[in-house]
Amino acid sequence: MVIPFLNFEPTHKLLKQEMQAAFENVYDSNWYILGDQLAAFEKLYSQFNQVNYTIGVSNGLDALQLALTIAGVKSGDEVIVPSNTYIATWLAVSFLGAIPVPVEPNIETYNLDPDKIETALTEKTKAIIPVHLYGQACEMEKIVELAGKYDLKVIEDNAQAQGASYKMKLTGSFGDINATSFYPGKNLGALGDAGAITTNSEEYAIRARRLRNYGSEKKYYNEEIGHNMRLDELQAAFLTVKLKRLNEWTASRQQIAKWYDRYLKNVGDLILPVSADQATHVYHLYVIRTSQRNPLQQYLQSKGVGTLIHYPVPPHLQNAYQHMGYQRGSFPIAEVLADTMLSLPLWVGMEEQHVEYIANAINDFFGQ
């Protein structure tokens with residue numbers, strides 16, 4: 001059996017006619033930027049995410065950068081970031097000349113540990129970016145309370161967790177202004193780069209729309225220095241089609257994760273995903289941990305099973321951040337996670353037999 005790490009075919013085959021119709025509607029409209037399709041998607045996503053405003057932008061990294069700008073982060077400011085996130089979270093801070101200040105995750109949930117944030121705060125700290133990693137909601141209540149105590153902005157990185165919740169409240173609705181990505185591999189993926197900002201602030205929403213469009217609200221009149229960071233009509237139309245299926249797809253992902261949990265229980269030295277109390281998980285990724293990660297990955301490849309490592313090098317050890325002076329040992333939790341994590345296939349359309357095949361191969365590996 002050959003099981004790729006990611007497979008779009010089951011969902012894309014199902015949606016092919018709707019997606020082709022969406023393309024034809026945009027093509028025939030002769031309007032391709034900042035039109036009705038974008039407005040419709042923004043309204044629909046706001047309803048889905050239970051926020052007042054959604055502002056479609058070009059990608060998730062741009063969404064983070066714009067959100068930080070609107071939140072008032074400037075050069076020299078410090079921003080709390082997870083030590084084990086994808087590097088985009090750090091890059092957005094750096095683009096503004098601000099300083100990413102890493103805080104270690106909870107070793108069990110892999111999300112930013114609220115109890116470790118306070119000791120990292122200084123007079124220069126302006127914001128906290130909790131990342132809902134792999135699809136699980138962060139413990140947002142403590143983070144929001146801490147931000148209120150120190151007058152800090154909260155900017156959620158919701159790129160991997162659309163539809164997840166903490167204490168019945170959706171990720172992407174806690175922060176002052178939040179960012180998400182619709183990269184094709186996300187749970188809600190476009191057919192190219194795409195992203196969005198979510199907020200309940202009318203003031204922030206107005207500025208986000210202005211900044212994404214050259215700093216302009218009226219064509220050829222520019223109120224401030226802005227960017228070209230717009231979500232185009234075609235991607236908005238595709239996302240509208242997909243968004244209507246997202247809850248159904250989330251349920252499918254959660255079922256696949258339950259199969260993994262059952263088949264992989266007590267296998268070798270595997271550590272399976274753990275969710276925080278009252279946090280839900282939408283399983284953008286199903287990530288296991290093992291001291292035998294590299295040989296296990298090679299063995300699974302030999303059996304036709306694709307896997308990925310998210311992420312093999314934590315941001316503080318990347319060449320891009322060597323100027324910050326961090327070394328191996330600076331953030332040991334992030335490092336041990338990077339050395340032991342392996343993401344197994346999880347895509348809508350997988351069946352129990354696929355999970356059983358993967359689990360049997362993993363059992364065989366540890367049996368050897």
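Residue numbers count from 1 along this sequence.
- Between E223 and K218, no side-chain nitrogen of the basic residue sits less than 4.0 Å from a carboxylate oxygen of the acidic one, so the salt-bridge criterion is not met.
- To the nearest 0.5 Å, atom CG of residue L234 and atom CD of residue Q37 are 9.0 Å apart.
- Remark: side-chain polar atoms of R245 are not paired, donor with acceptor, to backbone N or O of T11 under 3.5 angstrom.
- Taking a 6.0 Å sphere around CD of E145, one finds it holds more than 12 heavy atoms contributed by other residues, nucleotides or ligands.
- Distance check: N84 CG to H316 NE2 gives 10.5 Å after rounding to the nearest 0.5 Å.
- Here the closest non-hydrogen pair linking L300 and I358 is CD2-O, 4.3 Å.
- The backbone N or O of G56 lies less than 3.5 Å from a partner atom in the side chain of E42, making a donor-acceptor pair.
- Ring-plane geometry between Y321 and W90 is classed as perpendicular, the angle between the planes exceeding 60 degrees on a 0 to 90 degree scale with a lower cut at 30.
- Annotation: the span from I128 atom CD1 to E78 atom CD amounts to 12.5 Å, rounded to 0.5 Å.
- When all heavy atoms of V282 and Q254 are compared, the pair lying nearest together is CA-NE2, 4.4 Å.
- Between the side chain of E156 and the main chain of G172, a donor-acceptor pair closer than 3.5 Å is present.
- By the 4.0 Å N-to-carboxylate-O rule, R230 lies too far from D62 to be salt-bridged with it.
- For Y263 and Y357, the ring centers sit 6.0 Å or farther from each other.
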* **Trace of the side chain to side chain contact (heavy atoms under 4.5 Å, CB included) decision for T307 with Q301** => CA-CA 8 Å; T307 61; Q301 185 64 41; 5.7 Å; no
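- Cluster membership for I55 and L243, using ILVMFWY side-chain heavy atoms within less than 4.5 angstrom, is not shared.
- Scanning both residues, P130 and I143, for their nearest heavy atoms gives CB-CD1, 3.9 Å.
- In the model, Y204 has no side-chain atom that pairs as donor or acceptor with a side-chain atom of D176 under 3.5 Å.
- Once rounded to the nearest 0.5 Å, the distance linking OG of S275 with NE2 of H281 reads 5.5 Å.
- Side-chain polar atoms of N49 and S173 form no donor-acceptor pair below 3.5 angstrom.
- A donor-acceptor pair under 3.5 Å is formed between the side chain of R293 and the backbone N or O of M341.
- Without hydrogens or angle criteria, N200 side chain to N52 main chain gives a donor-acceptor distance under 3.5 Å.
- Considering every non-hydrogen atom in both T125 and T122, the closest pair reads OG1-N, 2.9 Å.
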* Asked: Stepwise, does the ring pair (Phe, Tyr, Trp, His ring centres under 6.0 Å) test hold for Y86 with Y311?
  -> CA-CA 7 Å; Y86 181 56; Y311 304 97; 5.3 Å; yes
* So M140 and V154, side chain to side chain contact (heavy atoms under 4.5 Å, CB included) or not? Walk me through it. -> CA-CA 10 Å; M140 289 303 301; V154 174; 4.0 Å; yes
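- Put simply, OH on Y27 and OH on Y32 are 6.5 Å apart, with the number rounded to the nearest 0.5 Å.
- Less than 6.0 angstrom separates the ring centroid of Y45 from the ring centroid of F182.
- In the hydrophobic cluster analysis, where Ile, Leu, Val, Met, Phe, Trp and Tyr join through side-chain heavy atoms closer than 4.5 angstrom, L188 is grouped apart from V51.
- Between Y299 and F365, the ring planes are tilted. Angles from 30° to 60° get that label.
- The closest donor-acceptor contact from the side chain of T180 to the backbone of N158 lies under 3.5 Å.
- For the pair E104 (side chain) and A334 (backbone), a donor-acceptor distance under 3.5 Å is present.
- Under the 4.5 Å side-chain heavy-atom criterion for ILVMFWY residues, a single connected hydrophobic cluster contains both M1 and V355.
- Taking each heavy atom of D113 and V103 in turn, the nearest pair found is O-CG1, 4.3 Å.
- A side-chain donor-acceptor contact under 3.5 Å links N222 to the backbone of Y214.
- In this structure, I33 and L38 have side chains that are not in contact, with every pair of non-hydrogen atoms separated by 4.5 Å or more.
- Residue D36 places its CG atom among 12 or fewer non-hydrogen atoms of other residues, nucleotides or ligands, all under 6.0 Å distant.
- When I80, T89, V93, V79 are each tested for a side-chain contact (heavy atoms from CB on, under 4.5 Å) with P100, only one passes: V93.
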* From CA spacing to verdict: side chain to side chain contact (heavy atoms under 4.5 Å, CB included), Q160, H132 -> CA-CA 7 Å; Q160 300 185 5; H132 306 292; over 6 Å; no
* R289 and E108: salt bridge (charged side-chain N to carboxylate O under 4.0 Å, His left out), yes or no, with the steps? -> CA-CA 11 Å; R289 290 179 57 209; E108 294 184 345; over 6 Å; no
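- Around the NZ atom of K116, the shell of radius 6.0 Å holds more than 12 heavy atoms that belong to other residues, nucleotides or ligands.
- Within a 6.0 Å radius of CD in Q368, more than 12 heavy atoms belonging to other residues, nucleotides or ligands are found.
- Here the two rings, on Y283 and Y134, have centers that are 6.0 Å apart or farther.
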* Step by step, would you call E118 with K149 a side chain to side chain contact (heavy atoms under 4.5 Å, CB included)? -> CA-CA 10 Å; E118 196 162 14; K149 179 180 177 180; 3.0 Å; yes
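- Between A63 and A196, the shortest heavy-atom distance links the atoms CB-O, 3.5 Å.
- Looking only at distances, no side-chain donor or acceptor of W259 sits under 3.5 Å from a matching main-chain atom of D261.
- By the 6.0 Å contact criterion, NZ on K169 is enclosed, its count of non-hydrogen atoms from other residues, nucleotides or ligands being greater than 12.
- Note on L342: it clusters hydrophobically with V287, by side-chain heavy-atom contacts below 4.5 Å among ILVMFWY residues.
- Salt bridge absent: E9 and K16 never bring a charged side-chain N and a carboxylate O closer than 4.0 Å.
- Among Q297, H310, H284, the one residue that satisfies the side-chain hydrogen bond (donor to acceptor under 3.5 Å, both in side chains) test with S343 is H310.
- We find the CG-CG distance between D77 and L68 to be 10.0 Å, quoted to the nearest 0.5 Å.
- Applying the 6.0 Å contact sphere to CG of N228 captures more than 12 heavy atoms from other residues, nucleotides or ligands.
- Heavy-atom neighbours of E248 CD from other residues, nucleotides or ligands within 6.0 Å: above the threshold of 12.
- The pair E224-R210 counts as a salt bridge, with a side-chain nitrogen and a carboxylate oxygen less than 4.0 angstrom apart.
- Y183 is not connected to I197 by any chain of hydrophobic side-chain contacts under 4.5 Å among Ile, Leu, Val, Met, Phe, Trp and Tyr, and they are in different clusters.
- Between W347 and H354, the ring planes lie tilted relative to each other; the angle falls in the 30° to 60° range.
- In this structure, Y260 and Y286 have parallel ring planes: the angle between them is below the 30° cut-off, well short of the 60° mark.
- Although no hydrogens or angles enter the test, the distance criterion places a donor-acceptor pair under 3.5 Å between the side chain of T280 and the main chain of S165.
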